[in-house]
Each structure stands twice: as structure tokens, then as C-alpha cells.
Amino acid sequence: MADPKENVLMEKLVSLCKRRGFIFQSSEIYGGINGFWDYGPLGTELKRNVKELWWNSMTRQRDDVVGLDATIIMAPAIWKASGHVDTFSDPMCDCLLTQKRFRADQIEPQSGVAYHYTGAKDKASASALEEPFAALIPSGTHPSYARQLATRFYSNRGLQNVELLGERSEAIENSTRFNPENGALLTEPRPFNLMLQTYVGPIQSAENIAYLRPETAQAIFAQFKNVHETARQKIPFGIAQIGKAFRNEVTPRNFTFRSREFEQMELEFFIKPDEAIEAISGSVNDATVSGHPGDPQPNWGWKMWHQYWVAERVRFYEGIGLSLDTLGFHVQTAEELAHYARATTDILFKFPFSKKDAAGNVAGDELEGIAARSDFDLSQHERFSGKSMGVFDEELRTAWGKLTAEKQIALSKRYYDARLNYLLKSGESADKAAKEAKDDAEGLAKGQYIPHVIEPSAGVDRLILALLANAFTEITETDEKGKTETRVVMKFHPRVAPIKVAVLPLLKNKPELVAKARAVFQVLRGEMLAFYDDGGSIGRRYARQDEAGTPFCVTIDFETLGEVPELKDTVTIRHRDDARQERLAISELPGWLLARVR
RNA sequence: GCGAGCGUAGCUCAGCCUGGUAGAGCGUCACCUUGCCAAGGUGAAUGUCGAGGGUUCGAAUCCCUUCGCUCGCUCCA
């Protein structure tokens with residue numbers, strides 16, 4: 001359980017976010033709306049910086065990743081293929097008596113004697129209810145307990161003087177239809193779909209139902225063929241996308257950590273199946289080295305690629321100020337993995353609300369999951385859309401021809417087995433699955449396969465929250481007069497800091513200082529987000545910038561104006577984290593700053 | 001959704017028990033002052049006391065409903 005002290009920290013952070021304009025509650029003047037948050041001026045800049053850094057490092061700085069910007073609403077069939085319509089929901093049961101909700105698959109089976117009622121009538125008013133109810137009581141117990149529950153049930157529904165109707169008893173073994181806590185009947189398990197729905201077109205009928213995407217990834221799979229054909233990329237390559245996603249969370253919690261509308265940064269990185277790698281390179285490199293495995297190599301199998309992307313993503317987080325000791329890792333166990341996933345590593349951040357284990361260690365909460373998803377997604381879209389999602393690989397076809405017959409048979413067999421396994425698990429009949437797997441294996445020999453995928457999927461809003469929590473630093477100082485004050489410094493990495501530099505005239509009532517400061521400000525604002533402030537004492541302005549997380553303050557003083565001739569046109573640069581100052585020529589200022597904020 | 005707690009100025013909170021004119025500190029803004037780390041002075045703005053309804057001569061205060069936040073169950077990027 002999170003330390004109460006750390007909840008206080010969380011409250012301070014939420015308060016600062018509002019006070020300084022990082023994050024506001026959505027629709028606040030109307031009382032808010034649960035699970036939705038807005039970014040204020042500073043938060044907007046912070047978020048833009050983060051997304052831009054991700055986009056640059058994931059696409060523009062790489063030869064092998066291209067971008068996509070797809071719609072939020074897509075053909076509903078996509079969500080059937082992806083499994084979200086069927087499995088993105090947990091069947092839930094409600095207790096008919098107390099309304100308490102249970103996950104249907106987590107109810108302890110109960111045994112005993114069930115008393116069923118067809119309804120009840122009101123002895124006084126003669127009104128009647130035909131609603132059935134039942135209660136389970138341990139065998140040997142007097143039926144009065146069941147009757148009591150039933151009476152409560154019907155009086156909850158408005159009957160005054162309950163007379164139970166149609167009592168019938170029945171022995172029950174291992175049933176999950178009753179509330180383990182009180183024996184009352186539960187509702188039928190009802191699916192709780194976590195996708196937000198809307199209607200496309202003006203008629204709100206069942207056939208017009210569409211979903212707001214619960215993840216951005218499926219658009220990438222659905223557009224895979226188009227991107228592959230137009231981007232002049234060969235496998236391995238990736239498609240990246242940043243965008244909004246929506247989930248009707250049961251309980252939005254922990255500030256912006258679990259929101260109903262949120263933003264994702266996702267990469268689908270398509271790789272060759274290991275059988276193709278082995279055919280081309282002779283063997284598959286799936287050595288598990290620790291740390292970053294270096295530049296991609298042609299003989300990397302999915303394990304190496306998976307490890308590579310985990311390491312790349314950690315490097316990214318370190319590069320924006322989240323040091324390794326603030327992060328955590330969770331390698332999903334076989335039971336936790338989705339049936340199609342081969343491996344998933346979660347990158348966690350130790351949030352103030354993250355839970356501690358018995359030994360006091362904090363694992364953290366998920367920022368990003370890096371999943372090795374095999375060829376599941378493209379295969380699903382191939383089956384559901386009827387369009388081929390396979391690629392032709394010239395290199396594979398050439399290499400295949402040079403393999404020994406034994407090698408060809410062995411690789412074909414392995415590929416066949418993998419495809420057969422997928423098809424059978426997807427519910428295809430044995431005959432059809434065997435035929436299709438055979439076709440797939442023959443395709444491999446001709447250089448065709450459905451790419452496998454590694455999916456680093458990160459939550460933008462979670463990352464913003466991590467950066468805010470990580471930056472939040474309280475400093476308590478006692479001045480000469482013995483007055484103790486606590487102030488907040490947001491120690492953002494300069495790369496993500498909303499405001500990069502503040503330009504401050506030392507004094508406001510000296511027009512020469514103000515004019516010079518405005519001139520310096522005009523030069524800097526063309527290069528980065530700069531902020532001009534002349535209100536209040538210099539110390540107060542420094543403190544205000546500390547709270548906004550501005551890494552550098554430039555102060556124009558009398559030396560700048562030439563009071564000391566050799567210091568003319570120099571300014572002081574004040575560092576946020578240690579209040580250290582240094583002097584620099586104005587002409588060097590843009591370059592000096594850019595080197596630190598990029 | 002269920003259970004518990006909370007909602008008063010931009011922020012932190014007092015007032016509520018025991019109904020009777022809406023408060024404090026900090027912050028914000030203006031002017032003065034200020035030669036480097038929330039200095040000082042003067043002045044100012046800001047609340048349908050989360051919303052709706054009820055009880056009452058009178059409700060921030062008592063009652064009901066509702067919305068939001070926090071914590072637990074649950075879920076995940």
C-alpha cells in the first residue's frame with residue numbers, strides 16, 4: 001500500500017499542476033467529468049516536447065521507421081479482428097440484493113440448498129411482482145434465512161407486506177450463480193465492454209455502432225499493406241503513430257494515470273519470422289545479452305529485436321531525465337501473457353502512488369509495454385478482411401533455393417507448426433487449419449510470410465505524470481531572520497522543460513535594463529520557448545521560474561549595459577537546480593542554450 | 001459499479017457538532033520601492049460555501065439526491 005506521506009506528495013503535485021497551469025480537470029466549471037483531464041499552458045508545452053522527442057527519435061532519426069496518422073473511429077470490423085469486441089470486456093455479475101459487483105470468472109463456487117421464488121405479492125395492497133429471485137443457504141440450515149433474503153429483495157422493490165410466491169428448493173453443487181458473501185442470486189454474467197461507443201451517421205441503430213479506438217495500434221495493422229507498398233521499406237521496418245485512444249475504465253484513478261481519454265505513442269516494428277532469418281542467415285541470433293545489443297543485425301531473431309527495443313526505450317527515458325533507479329521492469333510471466341504474445345516487458349516508473357511490497361520495495365506502475373506479438377495481428381486482419389497481409393521477400397526466396405533439402409523440410413515444418421497452432425487457437429476447423437498452414441509453409445518456400453511484430457507502446461499522459469513526479473522537488477530554507485520557507489523546484493530535463501529560458505531585467509524601474517532585456521528576449525524567442533518577466537523582485541522571479549521548471553534564467557544587469565566595460569553585452573545565466581550563475585556574451589547565448597535544451 | 005472519506009477565494013485550510021452579515025495565510029494584479037535568489041510599503045480583485053431539492057422566519061452549517069476527488073475491490077497504455 002502506498003505510504004500516506006506519498007499520497008501527500010501526490011496531492012501537492014496535483015495542486016501544483018493546477019496552480020501553475022500544467023493540468024486542469026476537464027469541464028471543471030460544470031463539476032468535472034470523471035477520467036478526463038486538460039493540459040494548461042505549461043502542460044501543453046511539456047507534452048508537445050515529449051511527443052516531439054519521441055517522434056524524432058523513433059522516426060526521423062531512423063532509416064527504418066515511418067509514420068502514420070489514422071482516424072480514431074474505424075470500421076468496427078477492425079475491433080472484431082483485434083479481439084477487442086469479444087475479449088476487451090470482463091463478464092460481471094451484480095448481487096441482486098446489495099448491487100455489489102463481481103467478476104464472473106472470480107466467484108468462489110458455492111454449494112448448498114437454493115430456494116427459488118417466482119415472485120411476491122403485497123399482502124396489504126394486493127400489488128404483485130413476478131420477478132424471480134433465489135438464495136443459496138448451506139444445506140441443513142432452516143429455510144427462514146432464504147426467506148428473509150427474499151423478503152428483503154422484494155421489499156427493496158417496493159412491496160410493503162411481502163408474501164413470497166412459488167417457493168421451490170433445489171440442491172446445488174459448485175455454483176457461481178450466488179453471492180458468496182450472502183447467498184443472494186447474482187445477475188446473469190454481463191459483458192462490460194471497455195470500448196467507448198458512438199454511432200456513425202444520424203441514425204442511432206445497432207448496425208451504426210462504431211467504437212472510439214481503445215488503442216492506436218490496430219490502425220497500423222489495418223494500413224500495413226498501404227504503408228509497406230508506398231514507403232519503400234523492406235522488412236524489418238516499423239510504423240509509428242501518436243494519437244488519442246479511449247477506454248471506458250471501470251475506475252479512473254491516480255490523477256491522469258488511468259484516464260478514459262488518453263494519448264499513446266506506439267510503434268509496430270515488423271520483422272521476419274525466425275524461420276526466414278534462419279533460411280537467409282544460416283542461424284538465428286537470439287542470444288540474451290544484458291543491456292543494449294547494439295545496432296540491428298540481419299540475423300536477429302524476435303528475441304533480439306524485443307531486447308533491442310526494450311533497451312532503446314530505456315535509453316529514451318534516460319535521455320529525458322528518468323534515471324534508471326526511478327524505473328522498474330516487469331517481465332510478464334507465461335500466465336500473464338496474452339495467448340498470442342511471446343514476451344512482454346513492461347517499463348515501470350516509481351510513482352508516488354505505486355505500491356510497496358512487504359520488503360518496502362517499489363516496483364512501479366506501467367509507462368510502456370514492449371510486446372513481441374508474433375504474427376497474430378496481421379494474421380487476424382488477413383482472416384477477417386480476406387486480404388493478404390503477407391509480404392514477398394526476394395532475399396528469402398533466393399536463400400531458400402540454396403538450402404539443403406533437410407534444412408528446407410525442417411524450416412517448413414517449424415513454420416507449418418506455428419501457423420497451425422495459431423489457426424487452431426483462432427477456432428478454425430482442423431481440416432481448414434491444416435490446409436491453410438500447409439499453404440503458408442509452401443508460401444515461405446517462395447519467399448512469402450506474414451511479418452511478426454514487436455510493439456513498444458507508451459502512454460503519453462503517464463509519461464507526463466512521471467516527468468512531473470520526477471521533477472517535483474521541495475526545498476526548505478531558513479533565512480537569516482530565521483524564517484523557514486518551502487518552495488518547489490520542478491527539475492525537468494532541459495529537453496522536456498516547457499519554458500527553456502526566462503529573460504529578466506534585474507530591475508524594472510530602469511528603462512535601459514528593460515529595453516535591453518526585451519531585445520535579448522526577441523533574439524531568443526525565435527529559437528526556443530522563452531519567457532520575459534519583469535514583475536517583482538529578482539528573487540521572486542527566479543522562484544516563479546523554478547516552479548515552472550525553467551532550466552535557465554538570463555538576467556540583464558548594469559554590467560550588460562557597460563558599467564564594467566569588459567563585461568558589456570554579457571549576461572548572467574542562472575541554473576535552476578543549484579542557483580549557480582555564470583557570465584556569457586549575448587552573442588553566444590542562443591548557441592549555448594540550444595546545445596542544452598535539444 | 002460497490003464500500004469508506006472528502007468538496008468553503010487561484011492554492012492550503014478554519015468556520016459545520018450547537019442554523020443568524022463569508023474568514024485566515026499564501027498567491028495574483030497595480031503603483032512605489034528593490035544593484036541577484038519568494039525583501040518591504042500602499043491599494044485592489046476573486047466565493048451563487050461543488051450542483052439540485054427539502055426542512056426552517058433564516059442553511060456553508062440539518063436532511064435527501066446528484067456530480068467530482070481520494071482510498072480499497074477491479075482494470076490497464
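Keep in mind it's a predicted model, so treat the numbers as computed, not measured. In the text below, chain A, chain B and the rest are named by the order of the sequence lines, each starting its count at 1.
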| salt_bridge(Asp534(A), Arg541(A)) N-O dist < 4.0 Å | no

| query | Using atom C1' of each nucleotide, how far apart are C69(B) and U28(B) to the nearest Å? | reply | 25 Å

| remark: Atom CZ of Arg541(A) and atom P of U34(B) are separated, to the nearest Å, by 14 Å

| message | I want to check one thing: is the phosphate of U34(B), taken as OP1 and OP2, less than 4.0 Å away from some side-chain N or O of Ser537(A)? | response | no

| Sidechain N-carboxylate O distance under 4.0 Å for Arg315(A), Glu312(A) | yes

| Leu13(A) CG - U70(B) C1' separation (whole Å) | 15 Å

| field | P spacing across the pair C62(B) / C17(B), given as an integer number of angstrom | value | 5 Å

| task | Could you check whether Ser259(A) gets within reach of a base, just the sugar-phosphate, or nothing at all, counting any heavy atom under 4.0 Å? | result | base

| field | Asn34(A) CG to G7(B) P, straight-line distance once rounded to whole Å | value | 18 Å

| request: Mind checking Asp557(A) for me? I need base, sugar-phosphate or nothing, with any heavy atom below 4.0 Å counting as a touch. | output: base

| Within the structure shown, what part of the strands sits under 4.0 Å from Phe255(A) by heavy-atom distance: base, sugar-phosphate, or nothing? | sugar-phosphate

| Expressed in angstrom and rounded to an integer, what is the separation of Lys18(A) atom NZ from C69(B) atom C1'? | 11 Å

| request: Check the distance between U66(B)'s P and Ile33(A)'s CD1 and give it to me in whole angstrom. | output: 17 Å

| Between C76(B), G35(B), A38(B), which nucleotide has the shortest distance from any of its atoms to the side chain of Arg247(A)? | C76(B)

| field | Set of residues satisfying side-chain contact (heavy atoms from CB on, under 4.5 Å) with respect to Val14(A), sequence neighbours excluded | value | Phe255(A)

| query | Contact class for Leu367(A) vs. all strands (heavy atom < 4.0 Å): base, sugar-phosphate, or nothing? | reply | sugar-phosphate

| field | P-based separation of C49(B) from U21(B) [nearest Å] | value | 15 Å

| In the strands shown, is C31(B) matched to any nucleotide by a Watson-Crick or G-U wobble pair with both distances under 3.5 Å, and which? | G41(B)

| remark: The Watson-Crick or G-U wobble partner of C16(B), with both key distances under 3.5 Å, is none

| message | Under 6.0 Å between ring centres: does that hold for Trp305(A) and Phe269(A)? | response | yes

| task | Could you work out the separation of G40(B) and G68(B) based on their C1' atoms and round it to a whole Å? | result | 41 Å

Taking only distance into account, with no hydrogens and no angle test, what donor-acceptor pairs under 3.5 Å do side-chain atoms of residues 503-514 of chain A form with protein atoms, sequence neighbours excluded?
none

| Does the base of A77(B) carry an N or O that pairs as donor and acceptor with the side chain of Glu263(A) under 3.5 Å? | no

| query | Is the NZ or CZ atom of Arg596(A) both under 6.0 Å from the centre of the six-membered ring of Trp592(A) and within 45° of that ring's axis? | reply | yes

| message | If you only use heavy atoms from C-beta on, which nucleotide in G68(B), A77(B), C36(B) is closest to the side chain of Gln264(A)? | response | A77(B)

| query | Given C71(B), is OP1 or OP2 found less than 4.0 Å from the side-chain N or O atoms of Asn254(A)? | reply | yes

| task | Quickly work out the Lys12(A) NZ to G10(B) P distance and round it to whole Å. | result | 22 Å

| Can you tell me how far CD of Glu45(A) sits from NZ of Lys500(A), rounded to the nearest 0.5 angstrom? | 8.5 Å

| query | Under the ring pair (Phe, Tyr, Trp, His ring centres under 6.0 Å) test, which residues partner Phe531(A), sequence neighbours left out? | reply | none

| Between C69(B), G35(B), U12(B), which nucleotide has the shortest distance from any of its atoms to the side chain of Ser15(A)? | U12(B)

| said: Using whole Å, what does the distance between atom C1' of nucleotide A77(B) and atom CD1 of Ile347(A) come to? | reply: 12 Å

| task | Salt-bridge test for Lys12(A) and Glu474(A): reply yes if a basic N is under 4.0 Å from a carboxylate O, no otherwise. | result | yes

| field | C11(B) to U18(B) separation - P atoms, rounded to the nearest Å | value | 31 Å

| message | Are A77(B) and Phe262(A) stacked, with the base six-membered ring and the side-chain ring centres under 5.5 Å apart and planes under 30°? | response | yes

| said: With a 6.0 Å cut-off on the ring centroids, do His575(A) and Phe552(A) count as close? | reply: yes

| task | Please report, rounded to the nearest Å, how far the P atom of A77(B) is from the CH2 atom of Trp37(A). | result | 21 Å

| task | Before giving the answer on side chain to side chain donor-acceptor pair (under 3.5 Å), spell out for Thr570(A) and Arg583(A) the whole-Å C-alpha distance, their side-chain angles and the decisive distance to 0.1 Å. | result | CA-CA 6 Å; Thr570(A) 64; Arg583(A) 246 193 135 79; 2.7 Å; yes

| task | Just compare C76(B), C11(B), C36(B) and give me whichever is closest to any side-chain atom of Arg462(A). | result | C76(B)

| task | Using the P atoms only, state how far U61(B) lies from G20(B), rounded to an integer number of Å. | result | 11 Å

| request: Please state the C1' separation for the pair U48(B) and A9(B) - nearest whole angstrom. | output: 14 Å

| said: Partner lookup for A60(B), please. Criteria are Watson-Crick or G-U wobble with both distances under 3.5 angstrom; report none if nothing qualifies. | reply: none

| message | Please name the nucleotide paired to A22(B) by Watson-Crick or G-U wobble geometry with both distances under 3.5 Å, or report none. | response | none

| message | So Glu563(A), base contact, sugar-phosphate only, or nothing? Heavy-atom distance under 4.0 Å. | response | base

| Heavy atom of residues 571-583 of chain A under 4.0 Å from RNA chain B: which residues? | Thr572(A), Arg574(A), Ala579(A), Gln581(A)

| First of Asn509(A) and Glu368(A) reached from the 5' end of RNA chain B, by closest nucleotide | Asn509(A)

| Picking from C37(B), G35(B), A38(B), which would you name as closest to the side chain of Tyr542(A)? | C37(B)

| message | What does the B/S/- profile of nucleotides 23-31 of chain B look like, 5' to 3', with a 4.0 Å heavy-atom cutoff to protein? | response | ----SS--S

| task | Give a yes-or-no answer on whether the side chains of Glu368(A) and Tyr317(A) include a donor-acceptor pair shorter than 3.5 Å. | result | yes

| said: By the 4.0 Å heavy-atom rule, please label Gly243(A) as base, sugar-phosphate, or nothing. | reply: nothing

Please tabulate, for side-chain N and O atoms in residues 459-469 of chain A, each donor-acceptor pair with protein atoms closer than 3.5 Å (sequence neighbours left out).
residue   : atom : partner   : partner atom : Å
Asp461(A) : OD1  : Glu263(A) : N            : 2.7
Asp461(A) : OD2  : Tyr39(A)  : OH           : 2.8
Asp461(A) : OD2  : Lys47(A)  : NZ           : 3.4
Arg462(A) : NE   : Phe257(A) : O            : 2.9
Arg462(A) : NH1  : Glu366(A) : O            : 3.1
Arg462(A) : NH2  : Phe257(A) : O            : 3.4

| query | Partner of C2(B) by Watson-Crick or G-U wobble geometry, both contacts under 3.5 Å, or none? | reply | G72(B)

